[in-house]
Amino acid sequence: MRNRTVLLDHVSIRFGDFTAVDNANLKIDSGEFFSFLGPSGCGKTTLLRCISGFSDPTEGKVLIGGKDMKGVGPNKRPTALIFQHLALFPLMSVAENIAFPLEVRGASKKDRRKRADELLDMIALPGIGDKKVSELSGGQKQRVAIARALAVEPDILLLDEPLSALDLKLRQHMRAELRAIQQRVGVTFIYITHDQGEALTMSDRVAVMNSGVIEQVGAPNVIYNAPRTAFVASFVGENNAISGKVAGQTEGMVTLNTPVGPVSGRAAGGRKYKPGEQCSLFIRPEQLTLTGEAGPNTISATLRSQAFEGASTHLLADCAGTRLRLSQINTGAAAAPLAPGAALTLAFAPEHATVLPAGPMASE
Amino acid sequence: MNPRGSVFSAAYALAFFTFLFGPLIIMVITAFNSSRFPRVTPWECFTTGWFNVLITNDRLMSGLLSSLFIGIGVIVVAVPVGLAGALALSELSARLRATLYTVLIVPILIPGVVLGISTIVFWGQIGRTLGGPAQAFFYNGYFLTIAGQVTFISAYAMLVFIARLQRFDATQTEAALDLGASPGQAFRKILLPFLAPAIGSAAFITLLASFENYNTTVFTILSGNTFTTALASKVRHGTDPSLSALAVIIISITLIGALTHEAYIRRKTLLDSGKAEQSAIFGNPVLRLLTHPGAVLALLLCIAGGLVWLGSKHDSSVCEAGILEEKRAIQRQLQEEQRSRIDAQKKAGGQTQTPAEGGAGNPSPFGGAFTGGLAPESAAPEPAAPSNPSPFGGAFNPGTLAPAPE
Ligand SMILES: Nc1ncnc2c1ncn2[C@@H]1O[C@H](COP(=O)(O)OP(=O)(O)OP(=O)(O)O)[C@@H](O)[C@H]1O
Ligand SMILES: [Mg+2]
């Protein structure tokens, strides 16, 4: 099997004084579906353009299939990039678009047409080869762009937020489709998105980026359940953050003194905390429960608002200026709705909470 | 809208279109009046003779050939130069771009006269330095005119390309590179097809600009003539309706071109909309063929050709001889009257009132140009008019000769 790995070796990319990507170290395996997840402007596209050869890293090396790619132009790399807005060629027909990579390699007209038809079958759009690009729907364009990128069988397919222009329904459909195509062709997919749902559902592994730094790399469930930094905890999924100072640590459990009272949670990655260190405790809305009596790890809060959402009810509460969100599974019994301003006592199990050193958080 | 408002807008629209097209219509009419001065009234005879006068004018026709030759030369040089300039601008950093833009656009702002003279001086110097056959090549009206016009016309072409390039999505080129195209292939297969319409318009604008240029060309053509310089000198030596005939030809070509283009555009929008099959016109095979731009062009050319053929058969000499005879008669009659008046005065022996009364018999230096409607009463000056051209008449002609290219 072909070596389709991508290795980023201490890659930094700077524009003047501005560091867009800071010391990225990463190995992406052959045939892996790997996602970069991060907020807008964190350097995802910059990194992707560097892998596909449109720019060179200011520092460090990019290795594809074990070979250093320095000085190798985009047209000589075994990568294919699917652009954020697809960049299909509007003056060519669908078949000409798909066969473009073959055309520039000097394939005969007959071979080109044959390959285009094969690829159209693969993306389940047979017989649209003679249409114009402008006659296609958003999802069809999407699939044509994928077919074009796969026409000469690249080792690595890079996708820059390819679904961002589609509506929700189509996006969900295309996620499954992309995943299926990837498993069929076995090409390494490197996928960029700022939509965490997309990253978590499709990927084998996810790298979470923030302002040029790769904060954490791991399988989706690890990223979700065991975030390593305050940014990852606040960016991936909904989370309540309670800030405070370390009071003490026993084995894996850390207790914080916070404005809402003393609370304890797991120390992320078995890290040791110094007493007095500024930390944040993260607890997911679905792990917070309403309880009758006060006790350890309980918070007395005031209800601000609630929203019934079918399967669950979302509550927004407030304690000493800290906003807390709860998500309660509806059991079916018609519980009397609570009035805003009602006093609540919230509780959570310490093993469900994560304590992380204070750091930048994702803005809402 | 209230009725007063709509009356006003109708009147305004009428005034506006009269202003736009009035001169053209008048010009077209004068081309068919046998009067030796371009005018509508008095109508003398319907004639096509002025077209004959036009095409038998050697100076104008050889000027036309030079103009075409120069125009093609300018297209061949200015379009690639403009394209290169626009591409260079789109690749540069913002600060360099502003500087280079100014440098490239300056020739448009420099007076044409200056460009013309400096072109002669510059290439003359080079020719003299090199000597021999190079001198003959560089110091040649055609070469100098192409060189002089290219200096500023390439900037027009560049502006056309810049406008088109601003709408180009640079990721298209990147996508082509990413898919394995070399930079040359990306240029030929992606950027050039995108620019194709702009190349067409740039070539057209370049041809027009070259054709109608006077200020620079009048110097650089040296002792030769282009159509425009020949026309200008003809107007300076007096005008006749053959210039109106020229206007008729130009207007007809423009109209044929515009209608064909319109047919092409309509067909294209219809096809692009995807609803072509449902449309009443496109659904019917005969109408579909008839509205094809090629068919429209052929039809218009047939009509034009037919009219030319009919016109060439028309003979107005009998009518013109009649008019001439009429004029002679009127003149004789006037002379008669004058003589009898002078006799009467002599008889009366009174003071001489002749100068005031004899105004009608005393040809005005402005000829018939300003007395059109009164002409039958004051027919005497008329025969003098063509040989005594108005100093103002010619001034209005160059403008009307160049219908706005739309
Ligand atoms: N050519 C450039 N010159 C200067 N700064 C740049 C350049 N390209 C990108 N940047 C900066 O680098 C940072 C990262 O940009 P990038 O396009 O990689 O973001 P992104 O993560 O892809 O964001 P988005 O999700 O919005 O596409 C941004 O702050 C951007 O302003
Ligand atoms: Mg981006």
Side-chain angles (χ1 to χ4, degrees), chain A residues 15-16 45 48-49 51-55 72-93 96-107 112 131-136 141 144-154 156-162, chain B residues 83 86-87 90-97 160-161 163-202 264-279 282:
Chain A
F15 299 109
T45 299
L48 206 65
R49 290 175 62 82
I51 296 173
S52 50
F54 289 110
S55 67
V72 180
N75 50 345
K76 297 273 175 344
R77 293 193 185 193
T79 57
L81 175 59
I82 294 185
F83 290 81
Q84 198 154 350
H85 298 290
L86 306 179
L88 293 175
F89 305 130
L91 300 178
M92 300 183 191
S93 73
E96 284 168 341
N97 258 283
I98 294 177
F100 183 81
L102 299 160
E103 187 188 340
V104 297
R105 285 170 176 79
R112 293 193 325 238
K131 285 203 176 191
K132 283 189 202 152
V133 171
S134 58
E135 291 168 4
L136 302 184
K141 281 184 195 161
V144 168
I146 293 168
R148 185 178 71 173
L150 293 174
V152 284
E153 294 178 351
I156 324 281
L157 190 65
L158 304 151
L159 303 101
D160 190 354
E161 307 198 28
Chain B
L83 178 59
L87 287 175
S90 69
E91 297 286 317
L92 288 176
S93 72
R95 238 195 31 241
L96 267 176
R97 188 183 313 154
V160 173
F161 287 123
R164 182 78 181 158
L165 275 175
Q166 271 167 354
R167 291 199 283 139
F168 182 67
D169 176 10
T171 56
Q172 298 261 316
T173 300
E174 290 191 339
L177 290 177
D178 190 65
L179 294 167
S182 66
Q185 282 174 322
F187 178 75
R188 262 181 290 124
K189 291 179 189 290
I190 306 297
L191 187 57
L192 222 45
F194 174 83
L195 287 177
I199 293 175
S201 358
Y264 169 75
I265 292 287
R266 290 212 181 179
R267 192 183 180 84
K268 195 162 178 288
T269 9
L270 190 64
L271 287 177
D272 285 351
S273 74
K275 296 200 202 83
E277 298 307 323
Q278 285 107 289
S279 118
F282 204 81

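Both backbone and side-chain heavy atoms feed into the values below; hydrogens, waters and symmetry mates do not.
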Heavy-atom proximity to chain B below 4.5 Å, by part of A:Arg148: both
Nearest 0.5 Å please: distance from the CG atom of B:Leu177 over to the CG atom of A:Leu81. 11.5 Å
Interchain contact, B:Glu174 with chain A, by part (heavy-atom threshold 4.5 Å): both
Please determine whether the number of non-hydrogen atoms from other residues, nucleotides or ligands lying under 6.0 Å from atom CZ of B:Arg97 exceeds 12. yes
Starting at CE of A:Met92, measure out to NZ of B:Lys189 and round the result to the nearest 0.5 Å. 7.5 Å
Shorter than 4.5 Å, heavy atoms on both sides: which option in A:Glu103, A:Gln84, A:His85 has the most such pairs with chain B? A:Glu103
With a 4.5 angstrom heavy-atom cut-off, could you sort out which part of A:Lys76 is near chain B: side chain, backbone, both or neither? neither
Can you tell me which portion of A:Phe83 sits under 4.5 Å from chain B's heavy atoms? Options are side chain, backbone, both or neither. side chain
Answer with side chain, backbone, both or neither: which region of A:Ile82 has an atom nearer than 4.5 Å to a non-hydrogen atom of chain B? neither
Has A:Phe54 got more than 12 heavy atoms of other residues, nucleotides or ligands less than 6.0 Å from its CZ? yes
With a 4.5 angstrom heavy-atom cut-off, is it the side chain or the backbone of A:Ser134 that approaches chain B, or both, or neither? neither
Give, for atom CD of B:Gln172 and atom CG of A:Leu86, the distance between the pair rounded to the nearest 0.5 Å. 10.5 Å
Rounded to the nearest 0.5 angstrom, the CG-CD1 distance for B:Leu179 and A:Ile98 is 11.5 Å
Who among A:Leu102, A:Val152, A:Leu88 has the most heavy-atom pairs with chain B under 4.5 Å? A:Leu88
May I ask you to name which of B:Pro193, B:Ala176, B:Ser182 has the most heavy-atom pairs under 4.5 Å with chain A? B:Ala176
Provide the closest heavy-atom pair for B:Asp178 versus A:Ser52 in the form atom of the first, atom of the second, distance. OD1-CB, 3.9 Å
